[in-house]
Amino acid sequence: MELRFYNSYSRQIEAFQPIEPGKVRMYHCGPTVYQRPHIGNYRAFLFADLLRRVLEGYGYEVTQVMNLTDVGHLLNDADEGEDKLEAQARKDKVDPWQIVETVSRAFFQDLDALGVIPAHHYPCASDHISEMVAIIEVLIEKGHAYRVGDNVYFDVSTFSRYGQLSGNKVEDLVAGLRLEINEEKRHPADFALWKSDPAHIMKWDTVFGEHGFPGWHIECSAMAEKYLGKHFDIHTGGEDNVFPHHECEIAQSEAANEQAFVNLWMHTRFLQVDGGKMSKSLGNVYSLDDLVARGFSPWDYRFLVLRGHYRTQVNFTWEILRGAKESRAKLIDWRSRLRAAMRSGGGVDTPATIDAVTAAHEVFDAAIADDLNTPEAIAALFTLRNKLVQVGEAGSRTADAAIALLDHADSILGLFEPAAEVNVDSGALSDDQVEALIAERAEVRAAKNWARADEIRDALQTAGIVLEDTASGVHWHRG
RNA sequence: GGCGGCGUGGCCAAGUGGUAAGGCAAGGGAUUGCAAAUCCCUCAUCCCCAGUUCGAUUCUGGGCGCCGCCUCCA
């Protein structure tokens, strides 16, 4: 099935076509490691993971790069702003590099907890200063950038496509400027490639002086080129990156290399909390730990994110997270029941049930191929569940096919937490033991020996065995 | 002021020019020694107005409301 994605640049859905057959190179704007990433950040990273899984599912050899911004960009792009990392460091009374270290570690732990497949490269901005300087020199040489003292700015007027991605016009940008005009710039919309400030802690000695540091956008141009080449397939980020960040990246890279930079731009919409933007003052900037502290798995959050399309705003509340958790639990439970059905072999396969699985599989794949419509794909799983449950216990062929579909869905969406799996498998009771206990329970219940019956029930429950007292007898599966 | 998105049942969330997938919650029922789990059933006319059309939730225009970007931010 043909993959189709919405391209922010063309503003339409396009058939996906890699530059090099069978291979996909993609870049994701990663976290700024000066503060513990919050759940909103992870929506974008979860999206990158989804993309990776889908592309690999289609057999592409994917090279994935996500940068870590460890250079504290200015709080204020206009001029002598304060450096974010340094400001945080002063607040914490530590060295900025220590913050980078601490936050980076938390970031990778979170990714792991969310079941994100690691990217192939996680380059840091601070390790690529020379690559950035090289691009800036080329831009100056080609007349796209100019130096004022030890600062360097990109000359927007030399790049006619500036504004194409975001839909902004340079004139409108100027009209809407809320910042003080930086007199150094030739044009108010020009942006910094390199800045200098002796007071900075994080600074580098380069051809532009000894107290310099990179502008906000140049790092991604430099690292993307280094790991993926001058022209690659996909670049993603949050919606806030569209302007100015990605707009500037395009200008820098294309002006310097005189060729196309990225074929496909994809942006995720923000996660909202309590119906609006999360904010510290409202106290709703949650980290993954906050969710875990309330008894949720990071995978529940992952599921919550996937239940919404990546290009729509998704709201987060505890109630919504609870709904996601319950929903996912139902899927986990269903898989266990299917496994039990395989084991018992008591169900009957019919052409209808087999066809239902095949149909669900097709709907699932079609939904994913259609610009990653994960909500619809997930719904296909539940629709199948309902159909199969209606006809009773699934036959082994049906169950086998349904489990295969769930595994397929899991490989793309990441539904089932591996750790939970281990717990179940380590259950102390063998199938035979479970059967024996259930048989005994039936006997003592017939004898109205409720004490022993409840004892067995509790023992089974402790071992992670779920009992279902149905009209057709007792069914069981591992929780 | 400029650019963009959204408005579907209590809460989430797909979707189509021909009378609305799915999940959670809720209510009723079955089952049960009690409970859990399970199963069955019930639960929307798609923000408002006008237009196009045989027919619009889906297209067009207007209105109202909400959200985001334009300044660090996924």
Side-chain angles (χ1 to χ4, degrees), chain A residues 8 11 28-32 34-35 37-48 69 72-78 81-84 87 163 166-169 171-179 216 236-245 247 267-272 275-279 285 303-304 307-309 311-317 319-331 333 337 363 367 370 373-386 389-390 392 445 448-450 453-454 457 461 465-472 474-477 479:
Chain A
S8 301
R11 288 159 202 260
H28 314 289
C29 279
T32 311
Y34 72 106
Q35 247 179 39
H38 54 249
I39 56 174
N41 296 116
Y42 289 114
R43 182 182 188 190
F45 308 147
L46 247 11
F47 170 72
T69 297
H73 295 296
L74 296 179
L75 292 172
N76 181 326
D77 203 30
E82 191 172 23
D83 185 286
K84 287 193 303 190
S166 60
N168 284 314
K169 291 192 182 69
E171 311 85 73
D172 296 337
L173 286 172
V174 176
L177 265 189
R178 293 191 225 156
L179 303 169
W216 171 30
T236 77
E239 59 174 319
D240 56 312
N241 284 148
V242 174
F243 189 90
H245 190 51
E247 192 74 78
H267 297 94
T268 53
R269 204 132 222 117
F270 269 131
L271 175 85
Q272 313 226 306
K277 197 172 178 177
M278 63 180 81
S279 76
V285 180
F303 193 67
L304 180 154
R307 284 201 315 172
H309 186 82
R311 283 194 290 117
T312 66
Q313 288 174 343
V314 162
N315 191 24
F316 176 95
T317 64
E319 184 192 359
I320 292 169
L321 181 60
R322 207 171 304 120
K325 178 192 170 83
E326 293 304 323
S327 185
R328 192 173 77 93
K330 199 166 175 180
L331 233 34
D333 183 70
R337 290 168 67 185
V363 172
D370 181 19
N373 193 337
T374 51
E376 192 176 353
I378 291 170
L381 263 26
F382 280 102
T383 303
L384 174 64
R385 177 189 180 282
N386 294 342
V389 162
Q390 267 178 0
R445 283 177 78 196
K448 296 194 193 306
N449 180 356
W450 309 131
D454 290 349
R457 181 212 285 165
Q461 190 176 17
I465 306 300
V466 178
L467 295 181
E468 290 168 25
D469 294 330
T470 73
S472 62
V474 178
H475 291 242
W476 66 276
H477 65 263

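- In this structure, Ile378(A) CD1 and Thr383(A) OG1 are separated by 11.5 Å, a value rounded to the nearest 0.5 Å.
- Pair check for C69(B) finds G2(B); Watson-Crick or G-U wobble, both atom distances under 3.5 Å.
- Remark: C24(B) base-pairs with G10(B); criterion is Watson-Crick or G-U wobble with both hydrogen-bond distances under 3.5 Å.
- The minimum heavy-atom distance between Val389(A) and Arg337(A), with the atom names listed, is CG2-NH2, 4.4 Å.
- Taking atom CZ on Phe243(A) and atom C1' on A74(B), their separation rounds to 18 Å, with Å as the unit.
- For His28(A), the ring-ring contact (aromatic ring centres under 6.0 Å, His included) criterion is met by no residue, not counting sequence neighbours.
- The CZ atom of Arg311(A) sits 9.5 Å away from the CG atom of Asn373(A) when rounded to the nearest 0.5 Å.
- As rounded to whole Å, 12 Å separates atom P of C73(B) from atom CZ of Phe45(A).
- Across all strands shown, U31(B) remains unpaired; no Watson-Crick or G-U wobble contact has both distances below 3.5 Å.
- A 4.5 Å side-chain heavy-atom check between Cys29(A) and Asn241(A) finds at least one atom pair inside the cut-off.
- When distances are taken from the side chain of Ala44(A) to each of A14(B), G68(B), A74(B), the shortest belongs to A74(B).
- With salt bridges taken as basic N to acidic carboxylate O contacts below 4.0 Å, none links Lys330(A) and Asp333(A).
- If you take atom C1' in U31(B) and the same atom in C39(B), they sit 9 Å apart, rounded to whole Å.
- Qualifying ring-ring contact (aromatic ring centres under 6.0 Å, His included) partners for Phe316(A), counting only residues two or more places apart in sequence or in other chains: Tyr286(A), Trp318(A).
- If you take CG of Leu384(A) and C1' of G22(B), they are 12 Å apart, rounded to a whole angstrom.
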Give every pair of a protein N or O atom and an N or O atom of nucleotides 8-12 of chain B that lie under 3.5 Å apart, one pair per line with the distance.
residue: C12(B); atom: O2'; partner: Arg307(A); partner atom: NH2; Å: 3.1

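- Here CG of Leu331(A) is found 8.5 Å from CZ of Arg385(A). Values are rounded to the nearest 0.5 Å.
- In this model, the phosphate group of G23(B) is approached by a side-chain N or O of Asn386(A) to a distance below 4.0 Å at OP1 or OP2.
- Here CZ of Phe303(A) is found 11.5 Å from CD of Glu326(A). Values are rounded to the nearest 0.5 Å.
- Atom name C1', nucleotides C47(B) and C6(B): the rounded distance is 12 Å, in whole Å.
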Which atom pairs link the protein and nucleotides 3-7 of chain B when you take only N or O atoms and keep those under 3.5 Å?
residue: C3(B); atom: O2'; partner: Ser166(A); partner atom: O; Å: 3.2
residue: G5(B); atom: O4'; partner: Arg269(A); partner atom: NH2; Å: 3.4

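- Rounded to the nearest Å, the gap between the C1' atom of A56(B) and that of G18(B) is 9 Å.
- Rounding to whole angstrom units, CD1 of residue Ile378(A) and C1' of G23(B) are separated by 9 Å.
- In the set A13(B), G23(B), C69(B), the nucleotide with an atom closest to the side chain of Asp240(A) is C69(B).
- The separation of C43(B) from U8(B), taken at their C1' atoms, amounts to 15 Å, rounded to a whole angstrom.
- Using a 4.0 Å heavy-atom criterion, one finds that His38(A) contacts the bases of the nucleic acid, with or without backbone contacts as well.
- Atom CD1 in Ile39(A) sits 11.0 Å away from atom CG in Leu46(A) (nearest 0.5 Å).
- Taking only side-chain atoms of Asn41(A), from C-beta outward, the nucleotide of A74(B), A14(B), C24(B) with the closest atom is A74(B).
- Within the nucleic acid shown, Leu304(A) has no heavy atom closer than 4.0 Å to any nucleic acid atom.
- Across all strands shown, U58(B) forms no Watson-Crick or G-U wobble pair with both distances under 3.5 Å.
- Rounded to a whole Å, the CG atom of Asn241(A) is 10 Å from the P atom of C70(B).
- Atom CG in Leu271(A) sits about 13 Å away from atom C1' in C67(B), given to the nearest Å.
- Whole-Å rounding puts the Arg328(A) CZ to A25(B) P distance at 15 Å.
- A distance of about 15 Å separates the P atoms of U57(B) and U16(B), rounded to the whole Å.
- Judged by closest nucleotide on RNA chain B, Lys277(A) is the one of Lys277(A) and Arg43(A) placed further toward the 5' end.
- Within the nucleic acid shown, Phe270(A) comes within 4.0 Å of at least one base atom, counting heavy atoms only.
- Residues Met278(A) and Leu271(A) form a side-chain contact, since some pair of their non-hydrogen atoms from C-beta on lies under 4.5 Å apart.
- Residues passing the side chain to side chain contact (heavy atoms under 4.5 Å, CB included) test with Asn386(A), sequence neighbours excluded: none.
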For nucleotides 32-39 of chain B, list the nitrogen or oxygen atoms of the protein found under 3.5 Å from its nitrogen or oxygen atoms, one pair per line.
residue: G33(B); atom: O6; partner: Asp454(A); partner atom: OD1; Å: 3.3
residue: G33(B); atom: N1; partner: Asp454(A); partner atom: OD1; Å: 2.9
residue: G33(B); atom: N2; partner: Asp454(A); partner atom: OD2; Å: 3.1
residue: C34(B); atom: N3; partner: Arg457(A); partner atom: NH2; Å: 2.4
residue: C34(B); atom: N4; partner: Arg457(A); partner atom: NH2; Å: 2.7
residue: A35(B); atom: N6; partner: Asp469(A); partner atom: OD2; Å: 3.1
residue: A35(B); atom: N1; partner: Arg457(A); partner atom: NE; Å: 3.1
residue: A35(B); atom: N3; partner: Arg457(A); partner atom: NH1; Å: 3.4
residue: A36(B); atom: N1; partner: Asp469(A); partner atom: OD2; Å: 3.4
residue: U38(B); atom: O3'; partner: Arg337(A); partner atom: NH1; Å: 3.2
residue: U38(B); atom: O3'; partner: Arg337(A); partner atom: NH2; Å: 3.4
residue: C39(B); atom: OP1; partner: Arg337(A); partner atom: NH1; Å: 3.4
residue: C39(B); atom: OP1; partner: Arg385(A); partner atom: NH2; Å: 3.2

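- Nucleotide C46(B) is matched to nothing when pairs are restricted to Watson-Crick or G-U wobble geometry with both distances under 3.5 angstrom.
- With rounding to the nearest 0.5 Å, the separation of CG in Asn315(A) from CG in Leu321(A) is 11.5 Å.
- Nucleotides U42(B) and G10(B) are separated by 15 Å at their C1' atoms, to the nearest Å.
- Taking atom C1' in both G68(B) and G27(B), the straight-line distance is 39 Å, to the nearest Å.
- Remark on RNA chain B: of its neighbouring residues Gly237(A) and Gln272(A), the 5'-side contact belongs to Gln272(A), judged by nearest-heavy-atom nucleotide.
- Looking at heavy-atom distances under 4.0 Å, Gly275(A) makes contact with sugar-phosphate atoms alone, never a base.
- In this structure the side chain of His309(A) never reaches within 4.5 angstrom of the side chain of Arg269(A), judged on heavy atoms.
- Nucleotides C12(B) and U52(B) place their P atoms 36 Å apart, quoted to the nearest Å.
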